[in-house]
Amino acid sequence: MYLPWTIKHKPRTLKEVIGNEEAKLELVNWIKSWDRGIPEKRAAFLYGPPGVGKTVTVEALANDFQMELIEKNASDYRTEEVIKRFAGLASQYGTLFGRRRIILLDELDGLTGNADKGGVKAITDIIKETQCPVILIANNAYDPRFITLRNYCLLIEFKKPKVSEVLEYLKVICKREGIQAEDAALKFIANRSEGDVRSAIIDLQATAQGKKILTYNDVAWLGYRDRQENIFTVLKMIIYARTCDGAKRAANMADIDMDMLFEWIYENVPSHITDPHDLARAMDALSLADIYRGRIKRTQDWSFMRYFIDYMTAGVAMSRVNTKVAGWAPFKFPQRIQMLTKTKSEREMMLGIALKIKRKCHISANRAIKEFLPYLRVIFRNNSEMAAKIAKWLELDPEMINYLTGSGIETAKKTIEQQ
Ligand SMILES: Nc1ncnc2c1ncn2[C@@H]1O[C@H](COP(=O)(O)OP(=O)(O)OP(=O)(O)O)[C@@H](O)[C@H]1O
Ligand SMILES: [Mg+2]
């Protein structure tokens, strides 16, 4: 059975929840204070970025204190009326069987629109009267909608755990799963998560499930996602640079080769440098860069490299004289490369797979091609067990599996047999 590791390895007790020691302590003290009577603040409002353990902390708290947790999501308390019904629960501390209860209203950010206008007020009313602890959770407690509500709450901030803490946690999970992981591999995942524990665990599962050994190479492909963002940043820094030096430095930040960078710049200059005179100058600079590129290829004289780079970076940036930075144009993937890499049959194959994904995941075929296919390819090439499960779930044809694994028909057959 496919069980997400975020659930399989979900902390059961507060001790297992990493990071946020201060927040946890504050929450525990507040819960304990209920033993001495109803405290001044009858609700605690936990807030902070996604995936840092807000929800899981409350679940672990209830477990540690053996309290009954009544959990509601924003979608469950859309309207004032529903909340009022829910309020009945808050009128008593103990349950019929003597267990005390905590009421959790999670994902408050989800309250939107007119239907929920009364919602926040209704929650505030419940909190004024509640006989048992209420915990609220949102990403942003400082949303103006919560201005009155906040007065009645003990605000507790959840921060991102340190990368080193995430790393330790990933090690624990690997140990439980019987995976020997290279330090560099786990460091890579922990670093890129930037404190989002949920995404770190998802990345770990995607790269490590079913493996005995996890190497740096197994995880490096995750960088593909970052690289897409990275290239946009680099392009922006080049095309909108104010100084030659700034534009040149940006080229060094790109983790694609200079040929590819050239294609990106060439593709995107016309939609960003819109003044015709500026554009003519920029295209001149690019054609000079292209001439030097040709010379390098022909003569293998790499000393031309500096001219190639200067023209395509500083040359382009300095052409921008009259163009105003107006609005925002998205950066596009180089058409030329797209044409080169994809034949018609390949495009049809990709569309076929995308339609299968679309049926299961309810997303557009286009998005499936852009966001899902690259990952599927890597999974299919590296983790046949996971690939087999996905293939079965998506109901992929042997040709599609073959295409994704990028190997001969033999592998495809094997994948089918494993199903
Ligand atoms: N601090 C943590 N320690 C251990 N595991 C964590 C931690 N934070 C998150 N996780 C893992 O990530 C999953 C999601 O965490 P959780 O639901 O608590 O995040 P959240 O802060 O409530 O995020 P959101 O704002 O998106 O609701 C958990 O089930 C758990 O597996
Ligand atoms: Mg949550």
Side-chain angles (χ1 to χ4, degrees), residues 1-28 31 43-65 67 69-78 102-112 123 133-143 145-146 149 153-177 179 181 186-187 189-209 222:
M1 195 183 66
Y2 177 81
L3 184 64
W5 284 4
T6 46
I7 296 185
K8 187 174 176 189
H9 298 285
K10 190 151 111 173
R12 312 266 170 241
T13 75
L14 282 174
K15 251 206 280 179
E16 288 174 308
V17 175
I18 61 165
N20 285 304
E21 294 305 330
E22 243 174 73
K24 284 193 296 186
L25 190 64
E26 218 178 331
L27 190 63
V28 165
I31 274 293
F45 195 158
L46 318 188
Y47 65 98
V52 298
K54 299 182 295 299
T55 306
V56 97
T57 296
V58 179
E59 289 170 355
L61 176 84
N63 197 24
D64 283 355
F65 283 79
M67 293 170 86
L69 184 66
I70 300 169
E71 220 173 315
K72 293 280 171 202
N73 265 334
S75 53
D76 303 328
Y77 46 91
R78 260 293 119 84
I102 302 179
I103 295 183
L104 168 61
L105 298 180
D106 204 347
E107 304 188 359
L108 272 193
D109 314 82
L111 285 172
T112 48
I123 293 171
V134 173
I135 300 181
L136 309 175
I137 300 184
N139 291 125
N140 178 16
Y142 289 93
D143 188 303
R145 284 178 301 164
F146 304 142
L149 176 60
C153 301
L154 173 70
L155 287 171
I156 302 181
E157 183 184 5
F158 272 67
K159 299 186 182 130
K160 295 172 170 183
K162 290 196 204 85
V163 167
S164 57
E165 289 168 327
V166 178
L167 178 65
E168 286 310 310
Y169 195 60
L170 294 179
K171 282 185 190 163
V172 170
I173 294 180
C174 284
K175 202 163 166 205
R176 286 191 205 146
E177 291 285 334
I179 296 165
L186 296 185
K187 266 190 192 143
I189 295 177
N191 264 323
R192 57 175 264 115
S193 77
E194 293 177 355
D196 182 339
V197 189
R198 182 196 285 123
S199 78
I201 297 173
I202 291 173
D203 282 351
L204 181 67
Q205 183 173 16
T207 48
Q209 189 168 40
L222 291 169

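Just so you know, ligand 1 is whichever comes first in the structure, and atom 1 is the first atom listed for that ligand. Quantities reported herein were computed from a predicted structural model and do not represent experimental measurements.
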Any atoms of ligand 1 less than 4.0 Å from a non-hydrogen atom of P11? List them with their elements. 4 (C), 5 (N)
Which residue owns the protein heavy atom closest to atom 25 (O) of ligand 1, what's the atom, and how far is it? K54 NZ, 2.7 Å
Protein residue, atom and distance nearest to atom 22 (O) of ligand 1, heavy-atom basis: T55 OG1, 2.8 Å
Identity and separation of the nearest protein heavy atom to atom 23 (O) of ligand 1: G51 N, 2.8 Å
On a heavy-atom basis, which atom in E59 and which in L69 lie closest, and how many Å separate them? CG-CD2, 3.8 Å
For atom 18 (O) of ligand 1, find the nearest protein heavy atom and state the residue, atom name and distance (0.1 Å precision). V56 N, 2.9 Å
Calculate, to the nearest 0.5 Å, the distance between atoms CG and NE2 belonging to L170 and H9 respectively. 10.5 Å
Tell me the protein heavy atom at minimum distance from atom 17 (O) of ligand 1, and give that distance in Å. R198 NH2, 3.4 Å
closest protein heavy atom to atom 6 (C) of ligand 1 is V197 CG1, 3.5 Å
Per-atom contacts, ligand 1 versus Y169 - under 4.0 Å to a heavy atom: 4 (C), 5 (N)
If we number the atoms of ligand 1 from 1 as shown, the ones under 4.0 Å from a heavy atom of T6 are 28 (C), 29 (O), 30 (C), 31 (O)
If you round to the nearest 0.5 Å, how far is CZ of R198 from OG1 of T6? 7.5 Å
In terms of heavy-atom contacts, does CD of E16 have more than 12 from other residues, nucleotides or ligands at under 6.0 Å? yes
Taking only non-hydrogen atoms of N139 and a 4.0 Å limit, the atoms of ligand 1 in range are 25 (O)
Atom indices of ligand 1 within 4.0 angstrom of I201 heavy atoms, with elements: 11 (C), 31 (O)
Look up atom CG in L104 and atom CG in L46, then write down how far apart they are to the nearest 0.5 Å. 8.0 Å
Any sub-3.5 Å donor-acceptor pair from Q205's side-chain atoms to W5's backbone N or O? yes
Under 4.0 Å from one or more heavy atoms of P50, ligand 1 contributes atoms 23 (O), 24 (P), 25 (O), 26 (O)
Considering only protein heavy atoms, which is closest to atom 3 (N) of ligand 1, and at what distance to one decimal place? I18 N, 3.0 Å
Check for a donor-acceptor pair, side chain of K54 on one end and backbone N or O of I137 on the other, with a separation under 3.5 Å. no
Determine whether a donor-acceptor pair (N or O, by modelled atom type, separation under 3.5 Å) exists between the side chain of D203 and the backbone of I189. no
Spacing of I202 atom CD1 and D196 atom CG [to the nearest 0.5 Å]: 7.5 Å
